[in-house]
Amino acid sequence: MLSKIEANKLIQFIYDTAIEEKSLGNDHVDNLTSKFSINNYLSMAEEIKSYMPLPKVKILDWGCGYGHMTFLLRKMEFDVISYDVLQDNSQKLIMKKLDVKPIVTNESVKLPFDDCSFDAVLSCGVLEHVEKEKESLKEIRRILRKNGYFFIYRLPNKYSYTEFIATLRKKSCHPIKYTLSSMKEKLKENGFDVVKIGRENILPKNLSFLPAKIKGMFNYYPDMWTLIEKSLLNIPVLLLFCGALNAVAVKKY
């Protein structure tokens, strides 16, 4: 695992890069202009490392977006392939700074990889956006090796208070929302065993609807905010309205 000094340097680097990206007119990078949010992404990378501690494990960052998870996973010594569909030009600067060069196609389902070619696949805020969910899950299963891991993060919770606010403001970008039971059922139906399933994001990570003062507050003491969030996730009723769900699944056979 990374030392605290190393982790803080990575968080600061991604934050500075995102701020520069936003200054050039990209208003869709708010999730990376919060050190608290970036710290959360780092926690995801560390969790993946805990399941797959061996060096040079091959992992697909499926729908890599700005490449921040690819960047963090490479710092964890993973062999990462970045993949996305039809990225726009607004993402070029941040990806160049993070040294991420994804494979980009216009194919919405079929993946350009051989059968059983990856030890793991990461979906971070991606599965809810695919055109054909069942076919995409079959493709992920196809390219995974036997007992390969499928890591899912930032899957929008059907009962999320942040999703409710975004829908009221007509700002929601999530066409599909999930419950723990529906996510678990879909994974099982498509040949995955669910190893872990849970909730995340009690505190808002997408800062687009927050006042500037509150946005700034999340940039101080990200570790403190992470501890506060973990405590809030232990409150049974409150966690039902969390922003997102997550899961770790394994290819059955």
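These figures come from a predicted structure and were not determined experimentally.
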Are the side chains of Phe241 and Ser160 in touch, meaning some heavy atoms are under 4.5 Å apart?
no
Side chain to side chain donor-acceptor pair (under 3.5 Å) with Arg154: which of Asn31, Asn246, Asn40?
Asn40
Decide, yes or no, whether a salt bridge links Lys22 with Asp30 under the criterion of side-chain N to carboxylate O below 4.0 Å.
yes
Should Leu73 and Leu122 count as side-chain neighbours, where that means a heavy-atom distance under 4.5 Å?
yes
Note: Glu139-Arg142 ion pair, threshold 4.0 Å (strictly below)
yes
Would you call Lys134 and Asn190 a side-chain contact if the rule is heavy atoms closer than 4.5 Å?
yes
Would you say the side chain of Val29 lies within less than 4.5 Å of the side chain of Ile94, judging by non-hydrogen atoms?
yes
For Phe192, does the six-membered ring have the charged nitrogen or CZ of Lys252 within the cation-pi criterion, i.e. under 6.0 angstrom from the centroid and within 45° of the normal?
no
Applying ring-ring contact (aromatic ring centres under 6.0 Å, His included), name anything that partners Tyr178, two or more places apart in sequence or on another chain.
none
What is the ring orientation for His129 with His174, classed by angle as parallel under 30°, tilted 30 to 60°, or perpendicular over 60°?
tilted
Does any N or O in the side chain of Asp99 come within less than 3.5 Å of the main-chain N or O of Met95, such that one atom is a donor and the other an acceptor?
no
Other residues, nucleotides, ligands: >12 heavy atoms within 6.0 Å of Lys184 NZ
no
Carboxylate-amine/guanidinium contact Glu6 Lys75, below 4.0 Å:
no
Stacked cation flag Arg141 on Tyr253, 6.0 angstrom / 45 deg:
yes
Taking all non-hydrogen atoms of both residues into account, name the closest pair between Pro112 and Ile103 and its distance.
CG-CG2, 4.3 Å
Any heavy-atom pair between the side chains of Arg145 and Lys251 that's under 4.5 Å?
no
Mind checking whether Leu60 and Tyr83 have side chains closer than 4.5 Å, heavy atoms only?
yes
Can you find a heavy atom in the side chain of Met76 that is under 4.5 Å from one in the side chain of Leu42?
yes
Honestly curious: do Leu239 and Phe164 fall in one hydrophobic cluster under the side-chain, below-4.5 Å linking rule?
no
Assess whether salt bridge (charged side-chain N to carboxylate O under 4.0 Å, His left out) is satisfied between Glu47 and Lys196, documenting all intermediate values.
CA-CA 11 Å; Glu47 180 175 66; Lys196 175 207 165 186; 2.5 Å; yes
Check whether any side-chain heavy atom of Phe13 lies under 4.5 Å from a side-chain heavy atom of Phe71, and answer yes or no.
yes
Is the ring centre of Tyr149 less than 6.0 Å from the ring centre of Tyr51?
yes
Between Tyr221 and Phe36, is the gap from one ring center to the other below 6.0 Å?
no
Consider only side-chain heavy atoms of I, L, V, M, F, W and Y, link residues closer than 4.5 Å, and tell whether Val109 and Ile143 are in one cluster.
no
